[in-house]
Amino acid sequence: MSDTIPADHNSALAPRRDFIREMVADDVANGHFGRAPATRFPPEPNGFLHMGHAKSICLNFGIAKEFGGTCNLRFDDTNPATEDVKYVEAIKRDIEWLGFQWDAEYYASDYFEKLYDIAEGLVRRDKAYVDSQTEQQIREGRGTVTTPGTPSVYRARSVEENLELLRRMRAGEFPDGAHVLRAKIDLAHPNMIMRDPLLLRIRHAHHYRRGNDWCIYPLYDFAHGLSDAIEGITRSLCTLEFKDSRDIYDWLVEEAGFVKPPTQIEFARLELDYTVLSKRKLLRLVNDGHVSGWDDPRMPTMAGLRRRGVRPDAIRAFADAVGVTRNKQRVEIGMFEHSIRDDLNMIVPRVLCVMNPIKVVLTNFPEGEVDELDASYYPHDVPLTGSRKVPFTRELYIDRDDFMEDPPKKFFRLAPGREVRLRYAYFITCQDVIKNDAGEIVELRCTYDPATRGGDSPDGRKVQGTLHWVSASHAVECEVRVYDRLFAQPDPDDVPDDQDFLTAINPQSLVRVTEAKIEPSVLRDAADTRYQFERVGYFWRDPDDSREDALVFNRIVGLRDSWAKQVTKK
RNA sequence: UGCCCCUUAGCUCAACUGGCAGAGCGUCUGACUCUGGAUCAGAAGGUUCCAGGUUCGAAACCUGGAGGGGCAACCA
């Protein structure tokens, strides 16, 4: 491998500025927190990481790295009903795969006792109370966005009674739903979140880490900011829908007495055209069998993208390209596809693979002879060197799409009487078209020009097309899985009211090509080699299903194809 | 009929904080090429959501409005 890859290929060198980095730079400049910038990535272990998380990971870990600070991994595991170790493991693997290493690994479930102590402190200062209303009553008592709520009859309980009840809640003396702990703030607050938010609820449930030893689980608003504060976070970065939670965040860290507590900054969550980025919807796709699992190569999950063959570098470059703002951020999938191509283009070897083979017989090429041709792995504009031999014989395959019996204008490929170049090989001219009884083309009879060996004509004549090809007797048959966008429309949720996003699924999102023919050199390559199949796209072996004697390739992303574009225009 | 956030090119973002509105992606042209890829050159694309105001000067500041979004789980 050469070390001449252009420096600008690595976009991580010059991360772009955004409003959050400006604020952190300010913090550093004026010593606002009195400690180095500290961020955290706080997933709930109830699903797999997707592109939305990748954006947040790049932001949080990126800031820590750029400012010489730290970034923790904290599992926000406060809901025993949905969480599992298998997600913890998958999340850790995905973060590392993306190229980041956390400074400390924490679990909100380790803070339950600390949170309880803070809760008791609030009760003692009459800042929290035990409410024994039903869920329904609490909801009604909260009022609506336009009408103030009404205080619970239990709001006036004495500190002693609240303390007693809270201790008995912790001791497990009450069933689920019997009581909750609420902050005592203001039932008429214009911000709904501040209308005496719930802090603790009783759940006699098995927690994947705590087992059955705890039964009063903190809610997000109670746990999150205080967990940040306990860890000494400086800036707590989260998505826009938590904006209203900032009030309770600030209220709690203040009430709990933290000095120079963390503060929250919100940014827009990522949306991508032609896919969905919500755990709930991704789970539907998995559970309803629309995809093969969380790691289906069509999924926008880290596991899916990894299996598809996308490199983490491409994901980081993409996160950097979309930036961080407070605008609604719905990004064209083409921008992501560009990042993937841009990452692969300069580093992967080119090989020849015929997706939809049609036989070509060179009538003037000696039977049984094999011409070993030199073929560079890289085009002239990629600063890498390396080549292999490809066998050229009397019988070849080319792609069916590269021949037309009656070609339209601007079709620069093979047609009767027309001469084209076979890549790295010879000029050939189509002399005859062989059809079966049904009138289907089954074989092309061509002649080759021995003087054009290597692909250049000594007499200087030009051909308009260059085709990829393989030797019929040497080619290896393989399966190629052509993955495309999971949904057929940019916004999968843009469907009639009586339908849901599943109706927008693209039925062509996976096309299996079972009789593709690839050049034999790939058998010598490492299993994780990524290729460009010339004129087709970027591919690699499916890490799960490909075997030595039954190769399976995944399409990572196609090439930009202006011919296809021209065709669809008509 | 509440509170909060957002609005700059088709998309995603800039604009040194009040001083000639730019970039990447996409689109279109052309050149070159042993990938119809890549590369190179060029073009199109803007009432900076609207209306007032402040100012020598506004994308930026002020007022009002419009449009989009978030908040009324014992989810996160």
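Note: hydrogens, waters and symmetry copies are ignored here, and every other heavy atom, side chains too, is used.
No contact: A:Gln136 has no heavy atom under 4.0 Å from any strand. Among the heavy atoms of the strands lying under 4.0 Å from A:Asp456 is at least one base atom, whether or not backbone atoms are also near. Among the heavy atoms of the strands lying under 4.0 Å from A:Thr134 is at least one base atom, whether or not backbone atoms are also near. Nucleic acid contact class of A:Asp381 (heavy atoms, under 4.0 Å, all strands): base. When heavy atoms are screened at a 4.0 angstrom cut-off, A:Glu83 is found touching no nucleic acid atom at all. Within 4.0 Å of A:Thr147, counting heavy atoms only, lies no atom of the nucleic acid at all. Residue contacts for A:Leu198: at a heavy-atom cut-off of 4.0 Å it reaches a base atom on one of the strands shown. A:Arg350 comes within 4.0 angstrom of a base, heavy atoms only. Nucleic acid contact for A:Tyr424: base, since at least one base atom lies under 4.0 Å from a heavy atom of the residue. If you check every strand for non-hydrogen atoms under 4.0 Å, A:Thr325 touches sugar and phosphate atoms only. Contact annotation for A:Gln464: no contact, since no heavy-atom pair falls under 4.0 Å across all strands. Counting any heavy atom pair closer than 4.0 Å across all strands shown, A:Glu44 reaches sugar-phosphate atoms only and no base atom. A:Glu241 comes within 4.0 angstrom of sugar-phosphate atoms only, judged by non-hydrogen atoms across all strands, and of no base. Residue A:Arg423 is classed as a base contact, given a heavy-atom separation below 4.0 Å to a base.
Near-neighbour residues of RNA chain B inside residues 332-340 of chain A, defined by a heavy atom below 4.0 Å, number-ordered: A:Glu332, A:Met335, A:His338.
Screening A:Asp131, A:Asp186, A:Asp196 for a salt bridge (charged side-chain N to carboxylate O under 4.0 Å, His left out) involving A:Arg155 leaves a single residue, A:Asp196.
The side chain of A:Arg330 contributes no N or O atom lying less than 4.0 Å from OP1 or OP2 of B:rU7. In this structure, A:Arg139 reaches the B:rA73 phosphate: one of its side-chain N or O atoms is under 4.0 Å from OP1 or OP2. Taking side-chain N and O atoms only, A:Arg341 has no distance below 4.0 Å to OP1 or OP2 of B:rG37. When the side-chain nitrogen and oxygen atoms of A:Arg195 are compared with OP1 and OP2 of B:rA72, none of them lie within a distance under 4.0 Å.
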For RNA chain B, the expected dot-bracket line (Watson-Crick or G-U under 3.5 Å, [ ] crossing, | inter-strand) is .((((((..((((.....[..)))).(((((.......))))).....(((((..]....))))))))))).....

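In the model, A:Asn46 has no side-chain atom that pairs as donor or acceptor with a side-chain atom of A:Glu83 under 3.5 Å. If you check the side chains of A:Gln137 and A:Tyr154, you find no donor sitting under 3.5 Å from an acceptor. No side-chain donor from either of A:Tyr377 and A:Gln532 sits under 3.5 Å from a side-chain acceptor of the other. Checked by atom type, the side-chain pair A:His179/A:Ser132 shows a donor-acceptor distance below 3.5 Å.
Between A:Asp84 and A:Lys86, no side-chain nitrogen of the basic residue sits less than 4.0 Å from a carboxylate oxygen of the acidic one, so the salt-bridge criterion is not met. A salt bridge links A:Arg453 and A:Asp371; the closest N-O separation between the charged side-chain nitrogens and carboxylate oxygens is under 4.0 Å.
With the nearest nucleotide of RNA chain B identified for both A:Lys55 and A:Arg203, A:Lys55 has the one nearer the 5' end. Summary of the strand contacts: A:Arg326 and A:Val382 both lie near RNA chain B, and taking for each the nucleotide with the nearest heavy atom, the more 5' one is attributed to A:Arg326.
Under the 30°/60° scheme for interplanar angles, the aromatic rings of A:Tyr111 and A:Tyr106 are found to be tilted.
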Across nucleotides 44-49 of chain B, 5' to 3', mark each nucleotide with B, S or - according to how protein heavy atoms within less than 4.0 Å reach it.
------

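B:rA14 shows a glycosidic angle more than 90° from 0 and is accordingly assigned anti. Applying the 90° cutoff around 0 to the glycosidic angle, B:rU8 is assigned anti.
Residue-to-nucleotide contacts include a donor-acceptor pair under 3.5 Å from the side chain of A:Arg413 to the base of B:rG36.
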